[in-house]
Amino acid sequence: MHVQLIHNPASGTHHELRLGVLAQAFEACGAKVVKGITEIDGSMELARDSDLICVSGGDGTLRLVIAAMQNSGLKTPICIFPAGTVNLVAREIGYASEPEQFASEVMRGYLAGSEARLKEPVARSNHGPFAACLSAGPDGVAVANHSPELKKKIGRTAYAWSFAKLFMRWPRQQFTLDVTTVDGSEHNLTCEAFYIAKGRYFAGPWTLTPEAGMGDDHFHLIALSRASRWHFIRFMLSIARGRDPENLSFARPLRARSLTIQAAAQLINNQFFQEDGDSMEVAPHQIMMTDHEMEYCLPLDD
């Protein structure tokens, strides 16, 4: 069995020693490991003869691998060793963070075949696929303005610090969304922020809506008609407390298959948008489900 181990040196908790231990753990389980790396521009060399692709990184690294696999037509099963700052997909699937346990459970899942697979329909913007989430709002500005050096030292707390600094000059932006829902109905919404979740988790151990989960052929949208400091704090507190934000009068949830985006005014450096915890250099104007599926190899314990 051949495992391609793809890693991202820029991932939040990347460590060469842990990567080596992970490779050794797979080899101890009988696999032959070939290493790969993601470049800054997202390019990578995929081994077409691999039986399994293991992504060592976070959701941003996973996004790059998904894009590369789509572009090459490769449909190899994948797994994610959680080595990023925030690991939403790995958290939902339940991958272990210790190399030996991770490799052992993933190999059991691989040998179990179809009963240990999760097929995940891929969502994408017009710029490419995303793994877990995409949003436009004040938190996107915080992502754009965080310090990568500080992120390396304190992890996702760097985002919290960047967000706290926004309160001095709170950013606001208006968007118009044309949404097509799962039942084919059309909706036109005006909002100051919106959030898209493909899976259960968002920004850590929280969830945007209890209905969200991987494997669905749609994404969950929550549009905030107002996103002032007070409205945004109420929204985040609702999520942190595990409450459904649809109970907020200014939040509109929809299960959607596509949407188009228009900004009412010129964006400043496109800073309102983030995908999988990374700032988007160019603002998207369309989000949609695709016919492409990723096949995740599920971990199985003893």
Side-chain angles (χ1 to χ4, degrees), residues 1-7 21-34 36 46-59 61-70 72-84 87-124 129-133 182 197-202 205 207 209-220 255 257 276 289-302:
M1 176 185 175
H2 290 75
V3 176
Q4 184 175 25
L5 178 54
I6 298 178
H7 69 287
V21 173
L22 178 60
Q24 292 175 2
F26 271 116
E27 290 169 348
C29 293
K32 180 179 179 180
V33 175
V34 177
L46 297 172
R48 303 194 70 86
D49 60 345
S50 292
D51 300 296
L52 177 69
I53 292 176
C54 177
V55 182
S56 177
D59 300 303
T61 304
L62 176 60
R63 180 182 71 251
L64 298 178
V65 174
I66 292 174
M69 292 181 68
Q70 274 193 311
S72 66
L74 201 61
K75 297 184 178 180
T76 308
I78 68 171
C79 58
I80 311 104
F81 180 64
N87 307 282
L88 302 180
V89 174
R91 176 187 290 271
E92 180 164 350
I93 295 178
Y95 290 116
S97 59
E98 293 302 320
E100 293 86 353
Q101 180 183 354
F102 174 88
S104 176
E105 292 179 350
V106 165
M107 289 294 286
R108 289 194 194 97
Y110 179 82
L111 294 174
S114 59
E115 67 180 62
R117 299 289 188 273
L118 170 65
K119 292 189 175 181
E120 164 73 343
V122 175
R124 62 173 289 142
F130 58 93
C133 61
V182 291
K198 189 62 187 70
R200 180 182 306 163
Y201 295 109
F202 188 91
T207 182
T209 170
E211 296 181 352
M214 293 177 64
D216 292 336
D217 63 352
H218 57 270
F219 54 83
H220 290 264
R255 293 185 301 156
R257 289 194 54 82
D276 297 325
M289 294 301 305
T290 71
D291 295 329
H292 186 79
E293 285 186 335
M294 297 302 298
E295 186 175 289
Y296 292 96
C297 180
L298 302 179
L300 294 180
D301 55 17
D302 289 326

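Predicted, not measured: the structure shown is a model, and the values here were computed from it.
Of all non-hydrogen atoms in R124 and P129, the two that sit nearest each other are CB-CA, 3.4 Å. Considering all non-hydrogen atoms of both residues, E105 and A96 come closest at OE1-CB, 4.1 Å. Here the shortest heavy-atom pairing between K119 and P121 reads O-CD, 3.6 Å. Smallest separation of non-hydrogen atoms from A47 and Q4: N-OE1, 2.9 Å. Scanning both residues, L300 and A116, for their nearest heavy atoms gives CD1-CB, 4.0 Å. The heavy-atom pair separating Y110 from R117 by the smallest distance is O-NH2, 3.2 Å.
Side-chain contact between V182 and D216 is absent, with no heavy-atom pair separated by less than 4.5 Å. Between P99 and Q24 the shortest side-chain heavy-atom distance does not fall below 4.5 Å. At least one side-chain heavy atom of L46 sits less than 4.5 Å from a side-chain heavy atom of I6. R200 has its side chain out of reach of R91: every pair of non-hydrogen atoms, C-beta onward, lies at least 4.5 Å apart. With contacts defined as side-chain heavy-atom distances shorter than 4.5 Å, the pair S50/V34 does not qualify.
No donor-acceptor pair under 3.5 Å is formed between the side chain of S104 and the backbone N or O of E100. Between the side chain of D276 and the backbone N or O of A132 there is at least one donor-acceptor pair closer than 3.5 Å. No donor-acceptor pair closer than 3.5 Å links the side chain of D59 to the backbone N or O of A131.
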> What do the steps show when you test M69 against I78 for side chain to side chain contact (heavy atoms under 4.5 Å, CB included), and what is the final call?
Replying inline: CA-CA 10 Å; M69 292 181 68; I78 68 171; 3.7 Å; yes
>> I'd like to know whether T290 forms a side chain to side chain contact (heavy atoms under 4.5 Å, CB included) with Q70, so could you lay out the CA-CA distance, the side-chain angles of the two residues, the decisive distance to 0.1 Å, and finally the verdict.
In response: CA-CA 11 Å; T290 71; Q70 274 193 311; 4.0 Å; yes
> Is there a side chain to side chain contact (heavy atoms under 4.5 Å, CB included) between I53 and L74 once you walk through the steps?
Replying inline: CA-CA 10 Å; I53 292 176; L74 201 61; 4.0 Å; yes
> Hey, mind stepping through V106 and F26 against side chain to side chain contact (heavy atoms under 4.5 Å, CB included) and telling me if it holds?
Replying inline: CA-CA 9 Å; V106 165; F26 271 116; 4.2 Å; yes
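Atom NE2 of H2 is separated from atom CG of L52 by 12.5 Å, given to the nearest 0.5 angstrom. Within the model, atoms CG of L22 and CD of E27 stand 10.0 Å from one another, a figure rounded to the nearest 0.5 Å. In this structure, M1 CE and L111 CG are separated by 7.0 Å, a value rounded to the nearest 0.5 Å. In this structure, I93 CD1 and N87 CG are separated by 11.5 Å, a value rounded to the nearest 0.5 Å. Of the inter-residue distances, the one linking L62 atom CG with Y296 atom OH reads 4.5 Å to the nearest 0.5 angstrom. With values rounded to the nearest 0.5 angstrom, E92 atom CD is found 8.5 Å from T207 atom OG1.
Annotation: D49, atom CG; neighbour count of heavy atoms from other residues, nucleotides and ligands within 6.0 Å is above 12.
Aromatic ring orientation, Y95 versus F102: tilted (interplanar angle from 30° to 60°).
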